[in-house]
Amino acid sequence: MTLASAPLAVTGQAHAATWTQQDARGDVLAISQSAGSEKETVEPAPEDTATDITRFTVNHTARKVALVLRVRDLRHGDTMVSARLVTPRGAYDVLAFRSADLRMFGVSAANGTDVPCRGKKLRLDTVRDLIRITVPRACLGDPRWVRAGAGLVRGNLLSDDSSITADEALRTGSEEAASSDARLKVGKKVRVG
């Protein structure tokens with residue numbers, strides 16, 4: 001008796017582990033500081049929809065870590081997105097800035113050392129109100145898991161007389177999102193899928 005066997009073709013999607021956290025609506029803060037003054041004024045700005053993060057998702061695949069921020073009404077203009085990625089080997093900071101005059105996007109170790117990272121991507125989608133940051137796992141030492149947090153800052157970021165709005169994805173009413181050296185709160189471990 002002979003059994004015939006046919007090759008089995010399997011097409012599948014890449015597997016990923018995903019974690020999503022809803023963020024409170026209307027928890028944006030307005031932060032202002034006059035030129036020459038060291039005192040900041042901080043007050044709630046619930047009407048600001050362009051800065052208001054409503055959902056944060058971490059997607060960890062075999063090749064990359066993707067962070068997705070849903071914003072109530074994302075608009076063009078000066079935008080700074082910061083993220084913190086914690087892995088078993090250490091922590092990394094991601095900072096992206098976009099304005100009409102300047103674009104910057106980098107990954108650094110927690111000690112401030114730049115991490116060369118080919119393949120990192122930033123996408124601001126004002127139609128779908130999404131910000132997507134993608135970092136190849138190789139840039140992070142191919143971690144088994146990541147924990148992540150993110151924040152969004154908008155306003156006239158290049159002016160001495162600054163007035164900005166800020167929101168952090170995992171805290172309500174936090175000024176941490178507006179500080180470049182602050183520690184963003186990170187969420188649960190997301191294992192590679």
Side-chain angles (χ1 to χ4, degrees), residues 23 27-35 37-38 40-42 45 48-59 64-86 90-136 139-140 146 148-171 173-187:
D23 185 47
D27 65 334
V28 175
L29 293 177
I31 303 167
S32 59
Q33 183 175 8
S34 299
S37 172
E38 291 187 27
E40 287 183 340
T41 303
V42 179
D48 184 317
T49 58
T51 312
D52 196 7
I53 300 167
T54 59
R55 188 174 67 216
F56 177 58
T57 301
V58 180
N59 190 359
K64 64 188 175 189
V65 175
L67 310 176
V68 180
L69 291 85
R70 177 165 297 278
V71 180
R72 273 191 0 200
D73 187 17
L74 185 63
R75 298 184 192 138
H76 295 288
D78 289 3
T79 303
M80 182 179 77
V81 183
S82 57
R84 184 150 186 96
L85 295 164
V86 177
Y92 299 87
D93 294 309
V94 178
L95 186 63
F97 179 80
R98 282 209 177 161
S99 75
D101 304 325
L102 179 68
R103 289 180 183 240
M104 181 197 76
F105 184 29
V107 178
S108 61
N111 66 7
T113 305
D114 285 340
V115 174
C117 186
R118 291 181 54 137
K120 67 185 180 298
K121 296 177 186 172
L122 172 68
R123 182 171 177 221
L124 279 72
D125 183 340
T126 57
V127 174
R128 295 175 56 207
D129 298 323
L130 296 175
I131 299 171
R132 183 179 181 89
I133 298 170
T134 305
V135 179
C139 300
L140 308 171
V146 296
L152 177 61
V153 177
R154 295 185 44 86
N156 191 356
L157 301 173
L158 300 176
S159 169
D160 287 341
D161 188 23
S162 64
S163 179
I164 61 172
T165 53
D167 191 14
E168 186 175 349
L170 302 178
R171 285 190 187 130
S174 170
E175 294 176 50
E176 302 294 314
S179 175
S180 61
D181 52 319
R183 298 266 163 107
L184 294 167
K185 182 178 179 181
V186 295

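Residue S99 comes nearest to D78 through the heavy atom pair CB-OD1, 2.8 Å, listed as atom of the first residue, atom of the second, then distance. Residues V153 and A166 approach most closely at CG2-CB, 4.1 Å, considering heavy atoms. Across all non-hydrogen atoms, the minimal contact from A50 to V71 is O-CG1, 3.4 Å.
V94 is not listed as a side-chain neighbour of S82, based on a closest heavy-atom distance of 4.5 Å or more. The shortest distance between side-chain heavy atoms of F56 and V68 does not fall below 4.5 Å. Using a 4.5 Å heavy-atom cutoff, the side chains of F105 and I133 are in contact. In this structure, R75 and T126 have side chains that are not in contact, with every pair of non-hydrogen atoms separated by 4.5 Å or more. Between M104 and L95 the shortest side-chain heavy-atom distance falls below 4.5 Å. Here the side chains of D93 and V107 are not in contact, with every heavy-atom distance at 4.5 Å or above. A heavy-atom distance below 4.5 Å is not found between the side chains of I31 and T41.
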Exercise for review: Would you sort out whether Y92 and V115 count as a side-chain contact (heavy atoms from CB on, under 4.5 Å), showing the intermediate values?
Suggested key: CA-CA 9 Å; Y92 299 87; V115 174; 4.1 Å; yes
Check your understanding: Does the side-chain contact (heavy atoms from CB on, under 4.5 Å) test come out yes or no for T134 and V65, once each step is laid out?
Key -> CA-CA 6 Å; T134 305; V65 175; over 6 Å; no
Check your understanding: L67 and L85: side-chain contact (heavy atoms from CB on, under 4.5 Å), yes or no, with the steps?
Key -> CA-CA 10 Å; L67 310 176; L85 295 164; 4.1 Å; yes
Practice item. Walk me through it: do D48 and T165 pass the test side-chain hydrogen bond (donor to acceptor under 3.5 Å, both in side chains)? Key: CA-CA 8 Å; D48 184 317; T165 53; 3.1 Å; yes
Point to revise | side-chain contact (heavy atoms from CB on, under 4.5 Å) between H76 and L124, worked out | key: CA-CA 9 Å; H76 295 288; L124 279 72; over 6 Å; no
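Interatomic distance, CD of E40 versus OG of S163, reported as 11.0 Å (0.5 Å rounding). Distance check: C139 SG to R118 CZ gives 10.0 Å after rounding to the nearest 0.5 Å. The structure places CE of M80 at 14.5 Å from CZ of R98, a figure rounded to the nearest 0.5 Å. I53 CD1 to D167 CG: the interatomic distance, rounded to the nearest 0.5 Å, is 4.5 Å. Taken from CG in L140 to SG in C117, the straight-line distance is 6.5 Å, to the nearest 0.5 Å. In this structure, CG on L69 lies 11.5 Å from CZ on R132, to the nearest 0.5 angstrom.
Judged as a side chain to side chain contact (heavy atoms under 4.5 Å, CB included), and not counting sequence neighbours, the contacts of R128 are R123, D125, L130.
Side chains of T79 and R154: a donor-acceptor N/O pair is present below 3.5 angstrom, by distance only. In this structure, a donor-acceptor pair under 3.5 Å is absent between the side chains of R70 and T57. For the residue pair N111 and T113, a side-chain donor N or O sits within less than 3.5 Å of a side-chain acceptor on the partner. Checked by atom type, the side-chain pair S108/D114 shows no donor-acceptor distance below 3.5 Å. Looking at D52 and T49, their side chains never bring a donor and an acceptor atom within 3.5 Å of each other.
The closest donor-acceptor contact from the side chain of D129 to the backbone of L74 lies under 3.5 Å. At least one donor-acceptor pair closer than 3.5 Å links the side chain of E168 to the backbone N or O of K185.
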